[in-house]
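This is a predicted model, so every value here is computed, not measured.
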Amino acid sequence: RSARTAPAPRVCIGAGGGVCPQRAIVIEECEAARAKGLAAAGWAGPMKSSSALFRASQATMSVSISVFLYEGFAYNIIFLGRILPAVGKQALVLPFAILFNIVWGLAICSYARAHFSDPGIVPERWRDFVHSIGDSLPIAPARPEWQPGKATYCKKCDLPRPERAHHCLLCEVCVLRMDHHCPWINNCVGFRNHKYFLLLGVYACVASMIALVTSFPELVHCAGALTRIQDGFVFELGTGSVGVVFERKEGFISSGENILEESVTIEEAKVKCGTLPTCKGFTFEGADAAGQPKEDEKVHVYFKDKWDLWGTGWTSYKRAEPQAGSRLEVTDILVFIIFGILALFVAVLLTPMLATHVPLAFQNLTTIEDNYENMPNPFDQGSTGTNLAQVFGAYGPDWLLPVAPWRPLSDGVSFARSDEKLGPDGLPERAEGEGEVEMEEVWKMRYRVRSAAVPQMQEEPQDPGPLGSLARWWHGP
């Protein structure tokens, strides 16, 4: 292994770091070197394996994307654009649209970042570091247990890898702080996209719940309408409390057949007529002094499929013709019902997933490390917020956005330990006034790199003269 002579990138420690007024470590990422490392590792994007698992992962990702897009279309076009205006709730369209689309948009952005981002391929900078120090780097065999401060050897990549890194059989590369391979995003979840994965789960689950809660009354109404649909029937939502508007008339409906007749109150008759697709109105004999029966008084009602009014002594209610905006085609109802089923499915699917992954992030654990039992978690920072900052970066507004952490607390190669004292910026505490320190020097301390032995110069023997030779002969060898 030959040593590299190119100067290594540096990180600044001290008051001028720009993160903490007193002490800070500004972790400078060399994007060009990292891109070179990705190419050297053979990573050209999300999973590129040609195996059957790769094709299955692609199919799963296609399903998840289709569900996302369908949810957005059905909510905005069908629910907000068709159903809410039809039921007279136009005032709710704008607030519902803002609430849903902000969360849904963040979920879409998080999905894109989680899928397209480098999950944390071992960088070229680490490879240069390994080659430069050669055999001075202690390498431990990889075991399914905690191995803090130990570089482990990957037989598949034929290269030592940093602590918490693991090899993905599908992506065929080693990933820094690997959590798992997710088929829903068709990519590994690791050091560089773990934040996007968690945000994706949270925002997708919240968007589904918002969609369900805001559309629940209309979902129930449309689901009930599916049981009453006949060929060619156009479902009328109307604007009344029971879905249909009626006009009161004096006289008897003489034309058409009696669809149904029964003794009910006026309000019950309106509801009943609204549920009958061919009902044009209903009629009954008699009325009180005010012109109609009392609210709780039952009358014998005849439901008609045609309207032809004549005579006196009877009272009739004509079903008003719905406005164009209050008509929903059967396809609208079906699209809306499927939307509700998918929203419920997504919420049910993501809730247990978040119940698993979020508590792990609160403990600074991955799904792989959750199975380790040889020692307590050496990277547990002692609090939920501090542990979460190891994934999301130092606390700030960027926690809520699908962007790279503005102030990352690790480079993915070395991680803060439980026994280290952290500064107010969340980074390992350093003495004030320290100058620049190469990150490779930090790695040497983390991984206990052996110091190169300095060969001692042997002194040339001096000529002892004849008396010295005689003394050695006398005492023997």
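Distance check, rounded to the nearest 0.5 Å: CZ of Phe362 to OG1 of Thr386 gives 12.0 Å. Interatomic distance, His194 NE2 to Gln390 CD, rounded to the nearest 0.5 Å: 12.5 Å. Rounded to the nearest 0.5 Å, atoms CG (Asn76) and CD (Glu71) are 11.0 Å apart. Atom CH2 of Trp126 sits about 12.5 Å away from atom CE of Met439, to the nearest 0.5 Å. In this structure, CZ in Phe216 is found 10.0 Å from CG in Leu344, a value given to the nearest 0.5 Å. Going from atom CE of Met353 over to atom CG of Leu200 covers 7.0 Å, rounded to the nearest 0.5 Å.
Ring to ring, Phe68 and Tyr111 are close: their centroids are under 6.0 angstrom apart. Between Phe197 and His180, a ring centre-to-centre spacing shorter than 6.0 Å is recorded.
Residues Glu218 and Lys89 are paired through a salt bridge, judged by an N-O separation under 4.0 Å between the basic side chain and the carboxylate.
When each of Leu198, Val391, Thr366 is tested with Asp179 by the rule side chain to side chain contact (heavy atoms under 4.5 Å, CB included), just one qualifies, namely Thr366. Of the candidates Trp104, Phe100, Phe336, Phe100 is the only one forming a ring pair (Phe, Tyr, Trp, His ring centres under 6.0 Å) with Tyr75. Here the options are Cys188, Cys182, Pro119, Pro402, the test is side chain to side chain contact (heavy atoms under 4.5 Å, CB included), and the partner is Asn193; only Pro119 passes.
Side-chain atoms of Arg192 never come within 3.5 Å of backbone atoms of Ile121 as a donor-acceptor pair (strictly under, hydrogens ignored). A distance-only check finds a donor-acceptor pair linking the side chain of Gln147 to the backbone of Pro141 [under 3.5 Å]. Side chain of Asp370 to main chain of Leu365: no donor-acceptor pair is present (N/O by atom type, distance under 3.5 Å, no hydrogens or angles). A distance-only check finds no donor-acceptor pair linking the side chain of Ser57 to the backbone of Met61 [under 3.5 Å]. Using a distance-only test at 3.5 Å, with no hydrogens or angles considered, a donor-acceptor pair links the side chain of Asn374 to the main chain of Trp146. Put simply, the side chain of Trp184 never gets that close to the backbone of Val63: no donor and acceptor are under 3.5 Å apart.
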- Message: side chain to side chain contact (heavy atoms under 4.5 Å, CB included), that's the test. Do Arg127 and Leu159 meet it? Break it down for me.
- Response: CA-CA 8 Å; Arg127 298 168 183 266; Leu159 187 76; 3.5 Å; yes
- Task: Start with the C-alpha gap between Phe116 and Tyr196, add the side-chain angles, then the distance that decides, and say whether side chain to side chain contact (heavy atoms under 4.5 Å, CB included) holds.
- Result: CA-CA 11 Å; Phe116 290 108; Tyr196 309 140; over 6 Å; no
- Message: Using the rule given for side chain to side chain contact (heavy atoms under 4.5 Å, CB included), can you reason through His167 versus Arg161, listing the C-alpha separation, both sets of side-chain angles and the distance that settles it, and then say yes or no?
- Response: CA-CA 9 Å; His167 187 88; Arg161 61 194 176 197; 3.7 Å; yes
- Message: Let's go through Cys205 and Leu354 carefully: what are the C-alpha distance in whole Å and the side-chain angles of both, what is the deciding distance for side chain to side chain contact (heavy atoms under 4.5 Å, CB included) to 0.1 Å, and is it a yes or a no?
- Response: CA-CA 9 Å; Cys205 187; Leu354 291 175; 3.9 Å; yes
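Neither side chain, Asp380 nor Ser418, offers a donor N or O lying under 3.5 Å from an acceptor on the other. Counted by atom type alone, Ser136 and Arg450 present zero donor-acceptor pairs between their side chains at under 3.5 Å.
Listed here is the closest heavy atom pair of Gly385 and Trp399: O-CH2, 3.9 Å. Shown here for Ala74 and Phe339, the closest heavy-atom pair between the two residues is CB-CB, 3.5 Å.
A cation-pi arrangement is absent between Arg177 and Phe415, since the terminal nitrogen or guanidinium carbon is not both under 6.0 Å from the aromatic centre and inside a 45° cone about the axis.
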